[in-house]
Amino acid sequence: MSQANGGLVGPSGANMVALAAKHNSIPVVIISGMFKLCPMYPHEGQDTLNDLVSPSSVVDYSEMSDDLMSKVEFVNPIHDYIPPQLINLYVTNIGGFQPSYLYRLLAEYYHSDDWESFE
């Protein structure tokens with residue numbers, strides 16, 4: 001889901017991939033339909049956008065008997081927030097746009113009454 005500020009809520013690990021791409025000067029292009037654009041802004045940070053699941057998909061519980069592993073706290077988020085400065089281009093069904101233009105695009109294509117349902 002793309003946010004109005006140009007950020008993106010993607011699958012877990014996507015932020016790490018975007019950071020690696022920026023470090024290696026590789027552009028990040030997001031391909032999305034207009035229906036995936038959301039007029040919300042991530043005011044409260046990444047934590048409110050995320051759900052956490054059991055770490056069993058990351059580590060086997062049988063390994064937790066080790067003294068070192070028993071002191072590790074595992075966090076397994078479902079989603080990552082990718083800030084707009086890590087995204088170079090959004091390609092939608094109506095064209096390609098910079099992340100900073102998404103708020104304007106949403107204002108052009110959606111009536112302000114539609115935005116109230118998101119609040």
Side-chain angles (χ1 to χ4, degrees):
M1 172 176 60
S2 302
Q3 304 275 305
N5 70 338
L8 174 76
V9 177
S12 184
N15 188 43
M16 184 171 40
V17 171
L19 285 167
K22 181 174 179 128
H23 178 76
N24 291 298
S25 301
I26 297 172
V28 175
V29 178
I30 306 298
I31 300 172
S32 176
M34 284 294 295
F35 68 95
K36 293 264 186 168
L37 299 180
C38 176
M40 294 176 60
Y41 286 87
H43 294 293
E44 298 168 11
Q46 179 176 350
D47 295 336
T48 58
L49 300 170
N50 227 335
D51 291 322
L52 301 177
V53 294
S54 170
S56 64
S57 62
V58 179
V59 65
D60 189 14
Y61 284 119
S62 64
E63 296 177 16
M64 295 302 287
S65 61
D66 183 20
D67 287 339
L68 183 62
M69 290 296 283
S70 65
K71 296 177 184 173
V72 175
E73 180 180 339
F74 291 95
V75 178
N76 191 13
I78 295 176
H79 301 102
D80 267 348
Y81 174 70
I82 304 169
Q85 58 268 25
L86 297 179
I87 300 170
N88 297 91
L89 183 68
Y90 276 93
V91 177
T92 68
N93 51 319
I94 58 170
F97 303 98
Q98 296 292 322
S100 60
Y101 188 72
L102 284 188
Y103 80 96
R104 179 79 174 154
L105 189 63
L106 286 164
E108 289 176 9
Y109 280 88
Y110 294 102
H111 193 274
S112 61
D113 292 343
D114 296 334
W115 292 37
E116 292 175 8
S117 64
F118 288 100
E119 296 175 357

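The analysis underlying the following values was restricted to heavy atoms, covering all of them including side chains, and did not include hydrogens, waters or symmetry mates. Start at 1 with the first residue, then count along the sequence.
- With hydrophobic clusters built from ILVMFWY side chains whose heavy atoms lie under 4.5 angstrom apart, Leu37 shares a cluster with Phe97.
- In plain terms, the two heavy atoms of Pro84 and Pro99 that are nearest each other are O-CG, 4.0 Å.
- Here the shortest heavy-atom pairing between Lys22 and Gln85 reads NZ-O, 3.6 Å.
- Test Val28, Asp80, Leu102, Ile87 against Leu8 for side-chain contact (heavy atoms from CB on, under 4.5 Å) and you get one pass: Ile87.
- Considering only residues two or more places apart in sequence or on other chains, Leu19 meets the side-chain contact (heavy atoms from CB on, under 4.5 Å) condition with Asn15, Leu86.
- Under the 3.5 Å distance criterion, the side-chain polar atoms of Ser12 are matched with a main-chain donor or acceptor of Pro77.
- The minimum heavy-atom distance linking Leu105 with Met34 is given by the pair CD2-SD, 3.8 Å.
- At least one donor-acceptor pair under 3.5 Å links the side chain of Asn5 to the backbone N or O of Gly7.
- Put simply, the side chain of Tyr90 never gets that close to the backbone of Ser32: no donor and acceptor are under 3.5 Å apart.
- Put simply, Ile94 and Leu89 are part of two different groups of oily side chains (I, L, V, M, F, W, Y) that touch within less than 4.5 Å, one to the next.
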